[in-house]
Every structure is written in C-alpha cells, then in structure tokens.
Amino acid sequence: MPRSGAEARSRLKQAALELYRENGFDKTTTAEIAARAGVTERTFFRHFPDKREVLFDGETDLREDLAQSVAEAPEGLAPLEILLRAFKNTGRIMERNLPFAEPRRDLIAATPTLRERNLAKAATLAEALAEALRERGVEDRLARLAAQAGWATFHHATQAWISDPTRSLDGYLDEAFADLRTLGAGVQLGQ
C-alpha cells in the first residue's frame with residue numbers, strides 16, 4: 001500500500017473521518033488514524049501537522065484559488081460581484097469535497113476546538129480576499145468589509161448546498177448574494 005502521495009492522503013482523511021464519527025474527535029489519536037489508513041504515524045505527520053488539520057485539508061488551495069480569481073476578474077466590477085465570481089470559480093473544489101463536507105460540518109459543530117480552528121481559518125480566508133481586493137485598488141475599509149460580508153455569504157450558501165445538493169452551488173451563491181443586496185437596499189442611514 002502506498003505510504004505517501006495523494007492516495008495515502010486520501011486514505012488518511014477517510015480514516016480520520018470514520019474514526020471521528022465512531023469515537024469522537026477528542027478520543028481519536030493520530031496513531032489510530034494512521035493504522036486505519038494502513039500507514040505509519042510518521043506518514044500521517046508528513047501529510048498533516050495535527051489531527052485537526054485533516055478536516056481543513058485544501059484550505060491553502062482554496063485561498064490561492066480565490067485570490068487568483070479575484071485578481072483575474074474583469075475591470076469595472078463592484079467588490080461583491082468580484083467575490084461572487086471568485087466563489088463560483090472555486091465551486092469545483094467544493095464539489096470535489098462534497099462527500100466529506102456534511103460529516104465534516106457536523107464534527108466541527110459538535111467539537112469546540114474544531115469550531116475555534118474553523119473560525120481562525122475563516123478569518124485567514126477573509127483576510128486573503130481583502131488583500132486581493134486591495135491589490136485591485138479597493139480602499140482598505142471597503143475591501144475588509146466586502147471580504148468579511150462576502151465570506152459570510154459564501155459560508156451561508158455552501159451550508160445550504162451541503163444540506164441540499166440537489167441544487168447547484170452556483171444557484172445557492174446567486175440566491176445568497178441577491179439576499180445580501182436585498183438586505184442592504186433597505187438600510188436608511190443617519191436615522
């Protein structure tokens with residue numbers, strides 16, 4: 001059985017997910033994950049720095065893909081439109097991970113240390129989006145606000161899609177961003 005490479009990484013992710021669901025995150029060890037995947041614990045640590053990161057695999061690819069999509073968006077688009085396009089472009093990453101997404105979501109919701117890690121990862125992604133917008137010339141305060149609002153909207157759409165993948169992720173994204181625009185349209189300033 002291969003001990004390194006994409007196949008071993010995939011087996012480690014599957015083994016971790018199974019064990020987390022069977023025994024709980026806190027009671028599962030990296031040695032148990034490695035044994036279930038048919039590799040050594042040392043191989044586990046070649047792929048993941050700790051057992052939490054198994055559930056956040058692909059975050060770096062997602063961050064880089066989003067930043068590149070923001071950079072490549074056509075000129076003249078508003079920041080939220082740029083982000084919507086970027087989120088739609090990353091749909092293939094999300095779709096590839098759909099079988100992993102629902103159990104991952106449930107584990108994170110049930111485990112305080114994972115919720116904390118998830119929030120930290122979300123903040124990192126939002127900051128990367130803000131930086132990508134700033135590089136396009138968007139003013140800092142607007143870039144930060146758009147990135148945070150955009151990321152929250154993306155998260156809302158993906159959670160709905162994970163719960164009901166019979167509709168496309170793009171459809172959920174369009175709906176969520178339309179809802180965001182509707183919410184903002186009724187704001188009366190200075191009252």
Side-chain angles (χ1 to χ4, degrees), residues 6 9-10 13 52-109 114-191:
R9 189 176 192 90
S10 178
K13 286 173 57 175
R52 293 173 299 182
E53 286 303 307
V54 173
L55 295 171
F56 298 97
D57 189 41
E59 183 261 337
T60 300
D61 293 338
L62 178 62
R63 184 176 59 240
E64 290 171 0
D65 198 50
L66 285 169
Q68 182 176 351
S69 291
V70 168
E72 294 173 352
E75 292 298 320
L77 295 177
L80 287 176
E81 295 306 316
I82 292 169
L83 293 177
L84 176 57
R85 287 177 57 93
F87 293 137
K88 285 182 173 184
N89 287 340
T90 63
R92 68 187 182 286
I93 294 172
M94 302 300 293
E95 289 168 356
R96 190 172 57 235
N97 290 321
L98 182 59
F100 191 67
E102 186 173 12
R104 175 189 177 276
R105 178 192 61 189
D106 296 343
L107 281 165
I108 290 170
L114 294 176
R115 286 194 309 268
E116 181 181 340
R117 178 64 64 100
N118 194 44
L119 289 172
K121 296 286 188 179
T124 300
L125 284 162
E127 181 50 39
L129 289 169
E131 179 59 27
L133 288 170
R134 284 190 291 270
E135 288 176 8
R136 288 183 59 96
V138 177
E139 181 185 341
D140 179 60
R141 72 182 178 84
L142 295 177
R144 284 185 288 118
L145 180 59
Q148 291 170 1
W151 182 257
T153 306
F154 174 71
H155 180 73
H156 177 79
T158 58
Q159 296 306 301
W161 174 68
I162 290 167
S163 295
D164 179 16
T166 59
R167 289 179 47 207
S168 73
L169 177 56
D170 281 1
Y172 283 110
L173 285 166
D174 285 336
E175 180 178 74
F177 274 81
D179 289 345
L180 181 62
R181 285 188 287 278
T182 299
L183 289 171
V187 174
Q188 299 293 319
L189 299 177
Q191 292 184 358

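Predicted model, so just to flag it, every value in this text is computed and none were measured. Just so you know, these numbers use all the heavy atoms, side chains as well, and skip hydrogens, waters and symmetry mates.
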S.K.: Does a side-chain heavy-atom distance below 4.5 Å link Met94 with Phe87?
M.R.: no

S.K.: Return the CG to OG distance between Asp57 and Ser10, rounded to the nearest 0.5 Å.
M.R.: 9.5 Å

S.K.: Please list, chain by chain and in numerical order, all residues satisfying salt bridge (charged side-chain N to carboxylate O under 4.0 Å, His left out) with Glu102, sequence neighbours excluded.
M.R.: Arg105

S.K.: Of Arg136, Glu135, Glu131, which meets side-chain contact (heavy atoms from CB on, under 4.5 Å) against Val70?
M.R.: Arg136

S.K.: Considering non-hydrogen atoms only, spot the tightest contact between Leu77 and Arg85 and give its length.
M.R.: CD1-CD, 3.3 Å

S.K.: CG of Leu173 to CD of Glu175: how many Å apart, nearest 0.5 Å?
M.R.: 10.0 Å

S.K.: Over all heavy atoms of both residues, which pair between Ile162 and Ala101 is shortest? Give the atoms and the distance, please.
M.R.: CD1-CB, 3.6 Å

S.K.: Do Arg115 side-chain atoms and Ala109 backbone N/O form a donor-acceptor pair below 3.5 Å?
M.R.: yes

S.K.: For residues Gly171 and Ser168, report the shortest heavy-atom separation together with the two atoms involved.
M.R.: N-OG, 2.9 Å

S.K.: Just checking, is any N or O donor in the side chain of Gln68 or Glu72 under 3.5 Å from an acceptor N or O on the other one?
M.R.: yes

S.K.: Can you tell me how far apart CD1 (Ile82) and CG (Leu66) are? Round to the nearest 0.5 Å.
M.R.: 13.0 Å

S.K.: On a heavy-atom basis, which atom in Ala143 and which in Val138 lie closest, and how many Å separate them?
M.R.: N-CG1, 3.6 Å

S.K.: Distance check, rounded to the nearest 0.5 Å: Thr90 atom OG1 versus Glu95 atom CD?
M.R.: 9.5 Å

S.K.: In the structure I gave you, are the side-chain heavy atoms of Phe56 and Ile108 within less than 4.5 Å of one another anywhere?
M.R.: yes

S.K.: Any side-chain heavy atom of Arg167 sitting closer than 4.5 Å to one from Tyr172?
M.R.: yes

S.K.: Mind listing the side-chain donor-acceptor pairs of residues 150-159 below 3.5 Å, one per line with the distance, residues two or more places apart or on another chain?
M.R.:
| unit_1 | atom_1 | unit_2 | atom_2 | d |
| --- | --- | --- | --- | --- |
| Thr153 | OG1 | Ala149 | O | 2.8 |
| Thr158 | OG1 | Phe154 | O | 3.2 |
| Thr158 | OG1 | His155 | O | 3.0 |

S.K.: Sequence neighbours excluded, which residues qualify as salt bridge (charged side-chain N to carboxylate O under 4.0 Å, His left out) partners of Asp170?
M.R.: none

S.K.: Salt bridge (charged side-chain N to carboxylate O under 4.0 Å, His left out), that's the test. Do Arg181 and Glu81 meet it? Break it down for me.
M.R.: CA-CA 11 Å; Arg181 285 188 287 278; Glu81 295 306 316; 3.0 Å; yes

S.K.: So Thr124 and Glu127, side-chain contact (heavy atoms from CB on, under 4.5 Å) or not? Walk me through it.
M.R.: CA-CA 5 Å; Thr124 300; Glu127 181 50 39; 5.9 Å; no

S.K.: Could you walk me through whether Asn118 and Arg104 satisfy the side-chain contact (heavy atoms from CB on, under 4.5 Å) test, starting with their C-alpha distance in whole Å, then the side-chain angles of each, then the deciding distance to 0.1 Å, before giving a yes or no?
M.R.: CA-CA 11 Å; Asn118 194 44; Arg104 175 189 177 276; 3.8 Å; yes

S.K.: Using every non-hydrogen atom in the two residues, find where Pro79 and Ala146 come nearest and quote the distance to one decimal.
M.R.: CB-CB, 3.8 Å

S.K.: Could you give the distance from CG (Leu142) to CG (Leu80), rounded to the nearest 0.5 Å?
M.R.: 10.0 Å

S.K.: Given Leu133 and Arg144, is the side-chain contact (heavy atoms from CB on, under 4.5 Å) satisfied, shown in steps?
M.R.: CA-CA 8 Å; Leu133 288 170; Arg144 284 185 288 118; over 6 Å; no

S.K.: What's the separation between atom CZ in Arg134 and atom CG in Asp140, rounded to the nearest 0.5 Å?
M.R.: 4.5 Å

